[in-house]
Amino acid sequence: MKIFRIITELNFGGVERHMELTADGMLNYPNEDMIFMALGRGGQTSKVLSDMGFRVIVMNENPQIPNLKLIRKLVKLFKKRKT
């Protein structure tokens with residue numbers, strides 16, 4: 001199963017720490033494919049997650065709603081990763 005965890009940024013803070021804890025817990029489930037995605041910028045947490053062996057996608061887009069360019073990129077990405 002592919003699981004996408006999508007947040008605005010993966011730099012530092014409370015939500016980012018939660019992503020690190022989630023990743024740590026997922027190490028016990030090697031058959032699950034967890035992908036972390038930052039709509040905006042990456043940073044400290046994206047590096048930590050990547051070093052843990054998880055796929056990290058950093059979109060480098062403005063995460064504010066509405067952002068049609070970002071929505072199109074997400075749709076394209078999800079269709080590509082469907083299989």
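F54 CZ to T22 OG1: the interatomic distance, rounded to the nearest 0.5 Å, is 9.0 Å. Taking CZ of F4 as the start and CZ of R55 as the end, the distance is 7.0 Å to the nearest 0.5 Å. From E9, atom CD reaches atom CE of M19 across 13.5 Å, with rounding to the nearest 0.5 Å. In this structure, the separation between CZ on F36 and CD on E16 is 12.0 Å, given to the nearest 0.5 Å. With values rounded to the nearest 0.5 angstrom, I6 atom CD1 is found 11.5 Å from T8 atom OG1. Put simply, CD1 on I57 and CE on M37 are 4.5 Å apart, with the number rounded to the nearest 0.5 Å.
The shortest non-hydrogen separation linking G42 to N11 is O-CB, 4.0 Å. Listed here is the closest heavy atom pair of A23 and L49: CB-CD2, 3.5 Å.
Annotation: side chain of L74 is in contact with side chain of L39 (closest heavy-atom distance under 4.5 Å). Residues L70 and N62 are not in side-chain contact: their nearest non-hydrogen atoms beyond the backbone lie 4.5 Å or more apart. D24 has its side chain within reach of M52: a pair of non-hydrogen atoms, C-beta onward, lies under 4.5 Å apart. Looking only at side-chain heavy atoms (C-beta outward), R5 and H18 come within less than 4.5 Å of each other. Residues N60 and R41 are in side-chain contact: their nearest non-hydrogen atoms beyond the backbone lie under 4.5 Å apart. Two residues are said to be in side-chain contact when any heavy atoms from C-beta on lie closer than 4.5 Å; M26 and I3 meet this criterion.
Note on V56 and F78: separate hydrophobic clusters, where clusters join Ile, Leu, Val, Met, Phe, Trp and Tyr whose side-chain heavy atoms are under 4.5 Å apart, directly or indirectly. Note on L77 and I7: separate hydrophobic clusters, where clusters join Ile, Leu, Val, Met, Phe, Trp and Tyr whose side-chain heavy atoms are under 4.5 Å apart, directly or indirectly. In the hydrophobic clustering of ILVMFWY residues, with side-chain heavy atoms under 4.5 Å counting as a link, Y29 and L27 come out together.
The environment of NZ in K69 is sparse: at most 12 heavy-atom neighbours from other residues, nucleotides or ligands sit within 6.0 Å. Heavy atoms of other residues, nucleotides or ligands lying less than 6.0 angstrom from CD of Q64 number 12 at most.
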